[in-house]
Student: 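Structure provided below as structure tokens; questions to follow.
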Amino acid sequence: MKIATFNINGIKARIEALPEWLAAAEPDVVLLQEIKSVDESFPRAVFEDAGWVLETHGQKGFNGVAILSRLPLEDVVRGLPGDGEDLQARWIEATVVGKRAVRVCGLYLPNGNPAPGPKYDYKLAWMARMQARAEALLALEEPLVLAGDYNVIPQAEDAARPELWTEDALFLPETRAAFRRLLNLGLTDAFRARQPAPGQYSFWDYQAGAWEKNNGIRIDHLLLSPQAADLLLDARIDKEVRAGDKPSDHVPVWIELDA
DNA sequence: ATGGTCGGGTGCCGA
């Protein structure tokens, strides 16, 4: 089972590039972030006519997550539990039924800039809520994949120029500590485990020629429960997508599970 | 059009 995460930065803007990547990469499941669309205006037919099962959790203008799958999806949950007041569309879960059942969570973790400030407070509170949800799901002792745009640079080696990020919400010590607490629940950073070499990135800013300079960061992650890590066969970043026509500022990151 | 780049949805904000 090939499972990918891809921050597409707007479904309407990616309505050609996304289907092209799907056809070439042939994933079984894709967790999408920043669809920037309400559910009613998501171009469902483009994907359903191509054989995809689609579950969306959108909002007007910003954020929004979705799941595309070749396999049936069951028990869909929309929204990160733990705060009924939070209306931002940043979390979606479903169970994918293949050879094995795999619970997948697609997440768009808050950016948090500027830090300090209310946006950074929201980021840290959201990470605490995610920690509680991860604990609850890990207690089931089943294959679990938490995949998405974490807006976290885990270590200095995950940035081409870490000195540029020392005051940024993506790399502040408190951010990295919260991410580390997730890992310390027993989760595996699949890409780090399979591709330990530094200098591999999933995001390059549109500004200041970041792509041309390879001034990237690795912020899109797939974290695996022990039961999923046991099934891990491969993990890759589809870097070449960033050089395509009308690209997102993120590229797909994917794993292959024996499931 | 918004400085520098995009996207979405307006009549700038978020990233």
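Below, read A as the first sequence line, B as the second, and so on, with proteins coming before strands; counting in each chain starts at 1.
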Student: Assign A:Ile11 to base, sugar-phosphate, or nothing according to its heavy-atom contacts below 4.0 angstrom with the strands shown.
Tutor: sugar-phosphate
Student: Taking OH from A:Tyr122 and C1' from B:dG14, how many angstroms apart are they, rounded to a whole number?
Tutor: 13 Å
Student: Just checking A:Glu48: does its CD atom have more than 12 heavy atoms from other residues, nucleotides or ligands closer to it than 6.0 angstrom?
Tutor: yes
Student: Determine: side-chain N/O of A:Lys246 to OP1/OP2 of B:dG7, distance under 4.0 Å, yes or no.
Tutor: yes
Student: Return the 5'-most residue of the pair A:Val38, A:Arg90 with respect to DNA chain B, ranking by each residue's nearest nucleotide.
Tutor: A:Val38
Student: OP1 or OP2 of B:dG14 sitting under 4.0 Å from any side-chain N/O of A:Lys119?
Tutor: yes
Student: Would one find more than 12 heavy atoms of other residues, nucleotides or ligands at under 6.0 Å from atom NZ of A:Lys12?
Tutor: yes
Student: Whole angstroms only, please: what is the CZ-P distance between A:Phe42 and B:dG8?
Tutor: 12 Å
Student: Shorter than 3.5 Å, N or O on both sides, protein versus nucleotides 3-5 of chain B: list them out with atom names.
Tutor:
residue : atom : partner  : partner atom : Å
B:dT5   : O4'  : A:Tyr206 : O            : 3.4

Student: Taking the P atom of each, how far is B:dT5 from B:dT10, in whole Å?
Tutor: 25 Å
Student: Can you measure A:Lys60 atom NZ to B:dT10 atom C1' for me and round it to whole angstrom units?
Tutor: 9 Å
Student: Nearest whole angstrom, please: distance from the C1' of B:dG14 to the CG of A:Asn113.
Tutor: 11 Å
Student: Considering residues at least two apart in sequence or located in another chain, which fulfil the side-chain hydrogen bond (donor to acceptor under 3.5 Å, both in side chains) criterion with A:Asp234?
Tutor: A:Arg236
Student: Mapping A:His250 and A:Ile35 onto DNA chain B by nearest heavy atom, which one lands closer to the 5' end?
Tutor: A:Ile35
Student: Taking the same atom, C1', in B:dC13 and in B:dA1, what whole-Å distance lies between them?
Tutor: 14 Å
Student: Can you name the side chain to side chain contact (heavy atoms under 4.5 Å, CB included) partners of A:Asp230, sequence neighbours left out?
Tutor: none
Student: When the side chains of residues 51-58 of chain A are checked against the rest of the protein, which donor-acceptor pairs come out under 3.5 Å, sequence neighbours left out?
Tutor:
residue : atom : partner : partner atom : Å
A:Glu55 : OE1  : A:Arg78 : NH2          : 2.6
A:Thr56 : OG1  : A:Asp39 : OD1          : 2.9

Student: Can you measure A:Lys12 atom NZ to B:dT10 atom P for me and round it to whole angstrom units?
Tutor: 11 Å
Student: Holding to ring-ring contact (aromatic ring centres under 6.0 Å, His included), I want the full list of residues that pass it with A:Phe62, two or more places apart in sequence or in another chain.
Tutor: none
Student: Using atom C1' in both nucleotides, what's the gap between B:dG9 and B:dG4 to the nearest angstrom?
Tutor: 22 Å
Student: In terms of side-chain heavy atoms of A:Phe62, which of B:dG9, B:dC13, B:dA15 is nearest?
Tutor: B:dC13
Student: B:dC6 and B:dG11: how far apart are their P atoms, nearest whole angstrom?
Tutor: 23 Å
Student: Please give, in whole Å, the distance from B:dC6 P to A:Arg14 CZ?
Tutor: 10 Å
Student: When we call it a touch if two heavy atoms are under 4.0 Å apart, what does A:Tyr108 touch: a base, just sugar-phosphate, or nothing?
Tutor: sugar-phosphate
Student: Please give, in whole Å, the distance from B:dC6 P to A:Lys36 NZ?
Tutor: 12 Å
Student: Please identify each residue that fulfils side chain to side chain contact (heavy atoms under 4.5 Å, CB included) with A:Leu140, with sequence neighbours left out.
Tutor: A:Leu137, A:Glu142
Student: Please check if any side-chain donor atom of A:Asn214 sits under 3.5 Å from a side-chain acceptor atom of A:Trp204, or the reverse.
Tutor: yes
Student: Report the distance from atom CG of A:Asn63 to atom C1' of B:dG7, rounded to the nearest whole Å.
Tutor: 13 Å
